[in-house]
**Q** 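What follows is a single structure, and I will ask about it in a moment.
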Amino acid sequence: METEYKGTNKLIIGIVFGVITFWLFAQSMVNIVPAVQTDLGVSLSILNVAISLTALFSGMFIVVAGGLADRMGRKKVTYVGLILSVIGSLCLVLANGSVLLVAGRILQGLSAAAIMPATIALMKEYFEGAERQRALSYWSIGSWGGSGLCSFFGGVIATSIGWKWIFVISIVFTLLAMWLMKDTPESRAQTEGKFKFDYGGLGIFIITMLALNVFITQGADFGWTSPLTITLAVVTIIGIYGFIKYENNREHALIDFKMFKNKPYTGATISNFLLNAVAGTLIVANTYVQIGRGFSSFQSGMLTLGYLAAVLGMIRVGEKIMQRTGARNPMLWGTTLTLIGVAVMGLTFLPDLLYTITVFGGFILFGLGLGMYATPSTDTAVSHAPENKVGEASGVYKMASSLGNAFGVAISATVYSTVMLYFSVEVAATAGIITNVIFAILSLLSIMFFVPKDSGSSPNVRPSVRVNPAKQS
């Protein structure tokens, strides 16, 4: 007789180690640009492309990986992601030019696409109630905490022992994750009929996302009214419309838009996309204090330490508030704190010392807000996902994270650089910050409109099929 498996702390640690291979190690690339450029002799444009590819490929393939996890097995897809992480990190360690650099970054993106939805689905499968909320809190610590630490961590490692050691350490953590998860039984969704992969939907989605990314990042260089830029915009609009029409008419769609009939899931996913877009604040604020205020890269990184501490400190607090009041309140309060924290960074007319104090305080509020929001939002999405599509629904939710981050940074950087062509650096920074304030306001509105007051974990969670490893062929 099969023993009912319950999640353990060992599984949680293994999953967190897997999650930080992207959010901590892969994302550390944003703060080691000069070191990588000097060491590999690649151009800045190639390096910027390599940096952006990871989040972009993660966002494009995460839903595919989530759907495959439901069908093939969530542990199996997690392991595929971890193996890709090892290979991608090895490419970067062995890189002596642009080829392995770009290949490694793409593999890291595909790795994140596999790991994120599959591990969330494993946590829903093997943890229930308050224990699941605790597990998701630690997942959020790996994600939000890793993203908060990556800039500082990357700078310290690159300065002390060399940037390639970041990815050597990443390999070690990946192997530890695989070992810690090895005794976890396989988990699959209960599905009917033969699985048919939606190649057409994936093709339309990739073309659309690439066109949108190039439009945002290269539009200013091409000229906003140039034929190429206009063509990219048209391709994006037609692609979005065509993708929705195509998916609605398919039985085995890449994204099942019927999931969005569930308002709490929709609110969590949209607000997650928009609040991740607020990450553009990091590039605007860090660039401005270096160019406009004469900070070094190390000094600008120090400004974000309060953000890191606040995120890590508030994630469990957000979980506890959710258990007392439901998910809506901490999601609203967290987004409001983030909005205020971002807004005060736009006060570029303040003198040096006062502005430095204001930015440091703004980053703390930013981190407090994200930390409070993280677990309630994730739990809302997971709890209201269809039982036979937890991996796919988690994939859509985390796609919102990756694409929100990628496009938020791209849009903020574009606004900043475009405004600076015509106005002062202070005006450009304020414009870039206002862009992120708008993202935060829209996130707040999406929570208010979609997430009901009594939202929280679904009380009647029917477990999906758990497969006894001994019975697998």
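Residues: numbered from 1 along the sequence shown.
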**Q** Might you work through the side-chain contact (heavy atoms from CB on, under 4.5 Å) test for Phe366 and Asn436, ending with a clear yes or no?
**A** CA-CA 12 Å; Phe366 190 180; Asn436 290 278; over 6 Å; no
**Q** What are the two closest heavy atoms between Met399 and Gly59, and how far apart are they?
**A** CG-O, 3.1 Å
**Q** Arg188 side chain to Met72 main-chain N or O, any donor-acceptor pair under 3.5 Å?
**A** yes
**Q** Could you check Leu56 against Leu210 for side-chain contact (heavy atoms from CB on, under 4.5 Å), going step by step and ending with a plain yes or no?
**A** CA-CA 8 Å; Leu56 185 61; Leu210 286 173; 3.6 Å; yes
**Q** Quick one, Met314 with Leu370, criterion side-chain contact (heavy atoms from CB on, under 4.5 Å). Give me CA distance, side-chain angles, the key distance, then yes/no.
**A** CA-CA 8 Å; Met314 284 301 292; Leu370 292 182; over 6 Å; no
**Q** Is there side-chain contact between Phe167 and Met29, with at least one heavy-atom pair below 4.5 Å?
**A** yes
**Q** Does the structure place the NZ or CZ of Lys182 under 6.0 Å from the centre of the six-membered ring of Tyr79, at an angle of no more than 45° from the ring's axis?
**A** no
**Q** At what distance, to the nearest 0.5 angstrom, does OG1 of Thr380 lie from CD1 of Ile447?
**A** 9.0 Å
**Q** One pair to check against side-chain contact (heavy atoms from CB on, under 4.5 Å): Ile166 and Phe153. What are the steps and the verdict?
**A** CA-CA 9 Å; Ile166 294 170; Phe153 171 81; 4.1 Å; yes
**Q** Are side-chain heavy atoms of Phe127 and Leu136 found at a separation under 4.5 Å?
**A** no
**Q** Please examine the side chains of Ser401 and Met116, heavy atoms only from C-beta on, and report whether any two atoms are closer than 4.5 Å.
**A** no
**Q** Within this structure, what is the CG-CD distance for the pair Leu92 and Gln108, rounded to the nearest 0.5 Å?
**A** 5.0 Å
**Q** Please report the interatomic distance CD(Glu125) to OG1(Thr184), rounded to the nearest 0.5 Å.
**A** 11.5 Å
**Q** Below 4.5 Å, heavy atoms only, C-beta onward: do Phe61 and Leu202 meet side chain to side chain?
**A** yes
**Q** Within this structure, what is the CG-CG distance for the pair Asp183 and Leu11, rounded to the nearest 0.5 Å?
**A** 10.5 Å
**Q** Parallel under 30°, tilted from 30 to 60°, perpendicular over 60°: which one fits the rings of Phe243 and Phe205?
**A** tilted
**Q** When you compare the side chain of Ile204 with that of Lys245, does any pair of heavy atoms fall below 4.5 Å?
**A** no
**Q** May I ask you to decide if Ile15's main-chain N or O and Tyr138's side chain share a donor-acceptor pair within less than 3.5 Å?
**A** no
**Q** Within the structure provided, determine whether Leu175 and Trp179 are in side-chain contact (heavy-atom separation under 4.5 Å).
**A** no
**Q** Apply side chain to side chain donor-acceptor pair (under 3.5 Å) to the pair Trp139 and Thr378, showing each step before the final yes or no.
**A** CA-CA 10 Å; Trp139 195 102; Thr378 306; over 6 Å; no
**Q** Can you check whether Leu305 reaches Phe363 side chain to side chain, under 4.5 Å on heavy atoms?
**A** no
**Q** Using modelled atom types and a 3.5 Å cut-off, is there a donor and acceptor pairing between side-chain atoms of Glu186 and backbone atoms of Lys76?
**A** yes
**Q** Out of curiosity, Phe25 CZ to Thr174 OG1, how far, rounded to the nearest 0.5 Å?
**A** 7.5 Å
**Q** Verify, without hydrogens or angle tests, whether Ser89 (side chain) and Ser85 (backbone) share a donor-acceptor contact under 3.5 angstrom.
**A** yes
**Q** Given the side-chain rings of Tyr265 and Tyr397, with only the six-membered ring counted for Trp, is the space between their centroids under 6.0 Å?
**A** no
**Q** For the pair Ser271 (side chain) and Ser443 (backbone), establish whether a donor and an acceptor sit closer than 3.5 Å, ignoring hydrogens and angles.
**A** no
**Q** Between Thr54 and Gly109 (side chain of the first, backbone of the second, donor and acceptor by atom type, cut-off under 3.5 Å), is there such a pair?
**A** no
**Q** Could you give the distance from OG1 (Thr78) to CG (Leu122), rounded to the nearest 0.5 Å?
**A** 5.0 Å
**Q** Is there side-chain contact between Asn9 and Arg134, with heavy atoms separated by less than 4.5 Å?
**A** yes
**Q** Between Thr435 (side chain) and Ala431 (backbone), is there a donor-acceptor pair under 3.5 Å?
**A** yes
**Q** Give a yes or no on whether the backbone of Leu24 and the side-chain of Ser28 come within a donor-acceptor separation of less than 3.5 Å.
**A** yes
**Q** Judged by atom type as modelled, is there a donor-acceptor pair below 3.5 Å linking the side chain of Lys164 to the main-chain atoms of Val93?
**A** yes
**Q** Has the side chain of Ser377 got a donor or acceptor atom that lies under 3.5 Å from a matching backbone atom of Tyr373?
**A** no
